[in-house]
Amino acid sequence: MGGHCLSFCSDQWTFLNYFRPVLAYGYGGVEIFLFLSGIGIALSLSKSPTFMNFIIRRVSRILPAYWIILTFFYLLINGSFRDYFGDFLTLSYWYPLMIGTTGRGNATFWYVSAAFAFYLLSVPLFPILKKYPRTITSLILLIGISLFYLGIIWCQDTLGRIHLFLARIPIYFSGLYVGSKITDIRFNTFTICLISLLSYLILGIGSRVLGGRVITSYGFNFVLLYFIAPGLIIALASLFR
């Protein structure tokens, strides 16, 4: 919330500028939640549910609350029924990709659309990841980062804001990997925490040197954000436990 306020309200709420070195990376909250989501999905899939049972549980937990918020949102903005129905089905974000239209899909609720896409991808990929955890996770990380930068360079005008989804492929599947390992008492998390701390220091120092701004809008900072969330979450979980 602070990161969004910094982007949209800093002229009116000038006190936010004092917190720029922290709030400049406020959107890292998305990485944190998707990493946790990956862990939760791994624990769910490790129980070997049927595909329908897995999907029904995701739908029942997420969509009712989403539909309520969505309805209030469209009533407040007096939006069109077509846009509402597209968001209701979590499809409007994917319109440029699905029907080949040039322009931006509706990115207001992109996160819900992206989350369900990740859940669907997890079903076939999880058994392979369990069998070859480091190889498959490393491959997905490299593919995700590559797709993200390709999306920024070539696809923004044709595929809308697809980069919002592509940017989160590495962090979600990192969570899926950690979730698959989390019950293994031999799983060493110290290295993950150390990498996260160093990544945060690089971003924090870089931001302070630049007067509180992010290093770039879609550059090196996004890659570093991937590595902050895992160690931060594991360290906090250990502390709370």
Side-chain angles (χ1 to χ4, degrees), residues 1 3-5 7-9 26-38 40-41 44-45 49-126 140 143-173 175-176 217-218 222 225:
M1 288 177 66
H4 280 83
C5 287
S7 298
F8 299 111
C9 310
Y27 51 83
V30 178
E31 273 63 38
I32 289 171
F33 194 85
L34 277 170
F35 182 78
L36 288 170
S37 188
I41 293 300
S44 178
L45 289 172
T50 64
F51 177 76
M52 284 307 298
N53 181 259
F54 173 76
I55 294 300
I56 288 169
R57 285 176 69 87
R58 304 285 81 71
V59 167
S60 63
R61 288 184 176 189
I62 296 169
L63 290 189
Y66 167 65
W67 286 333
I68 292 169
I69 296 300
L70 184 72
T71 302
F72 276 109
F73 175 80
Y74 271 90
L75 288 172
L76 285 169
I77 69 167
N78 196 25
S80 72
F81 179 77
R82 177 184 176 276
D83 291 340
Y84 171 78
F85 190 64
D87 278 333
F88 188 89
L89 297 176
T90 73
L91 294 178
S92 59
Y93 175 66
W94 305 110
Y95 280 165
L97 190 63
M98 291 165 56
I99 57 181
T101 56
T102 300
R104 295 181 179 274
N106 182 9
T108 305
F109 297 101
W110 75 270
Y111 182 87
V112 179
S113 301
F116 272 95
F118 282 134
Y119 300 158
L120 289 171
L121 287 169
S122 298
V123 177
L125 285 173
F126 185 69
I140 292 174
I143 290 172
I145 293 170
S146 301
L147 285 175
F148 167 59
Y149 284 109
L150 289 174
I152 289 297
I153 296 168
W154 285 316
C155 300
Q156 272 192 285
D157 294 331
T158 55
L159 297 181
R161 305 191 71 183
I162 192 68
H163 62 279
L164 294 173
F165 169 75
L166 297 175
R168 272 71 187 208
I169 290 173
I171 193 63
Y172 172 80
F173 285 99
L176 203 68
S217 295
Y218 297 111
F222 246 103
L225 274 172

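A quick note: this is a predicted structure, and the numbers were derived from the prediction, not measured.
Contact between Y95 and R82 at its shortest, heavy atoms only, is CE1-NH2, 4.2 Å. Minimum heavy-atom separation, L120 to F51: CD2-CZ, 3.9 Å.
Enclosure of atom OH in Y111 by more than 12 non-hydrogen atoms of other residues, nucleotides or ligands within 6.0 angstrom is indicated.
Considering only residues two or more places apart in sequence or on other chains, I69 meets the side-chain contact (heavy atoms from CB on, under 4.5 Å) condition with none of them. Applying the ring pair (Phe, Tyr, Trp, His ring centres under 6.0 Å) rule to F126 yields no partners; only residues at least two apart in sequence or on another chain are considered. Take S146 and apply the side-chain contact (heavy atoms from CB on, under 4.5 Å) test, not counting sequence neighbours, and it matches no residue. Every residue meeting the side-chain contact (heavy atoms from CB on, under 4.5 Å) condition with I32, not counting sequence neighbours, appears here in chain and number order: L36, A229, L232, I233. Partners of S122 by side chain to side chain donor-acceptor pair (under 3.5 Å), not counting sequence neighbours, listed by chain and number: Y172. In this structure F8 satisfies the side-chain contact (heavy atoms from CB on, under 4.5 Å) test together with H4, sequence neighbours excluded. A search for side chain to side chain donor-acceptor pair (under 3.5 Å) contacts involving Y119 returns S37, not counting sequence neighbours. For F165, the ring pair (Phe, Tyr, Trp, His ring centres under 6.0 Å) partners at least two apart in sequence or on another chain are W94, F118.
Sorted pairs that involve residues 59-70 and meet side chain to side chain donor-acceptor pair (under 3.5 Å), not counting sequence neighbours, are lacking altogether.
Note on ring orientation: taking the six-membered ring where Trp is involved, the planes of F85 and F88 are parallel (angle under 30°, cut-offs 30° and 60°).
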Steps toward side chain to side chain contact (heavy atoms under 4.5 Å, CB included) verdict (T90, L63): CA-CA 9 Å; T90 73; L63 290 189; 4.1 Å; yes
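Between the OG1 atom in T71 and the CG atom in D87 there is a gap of 10.5 Å [rounded to 0.5 Å].
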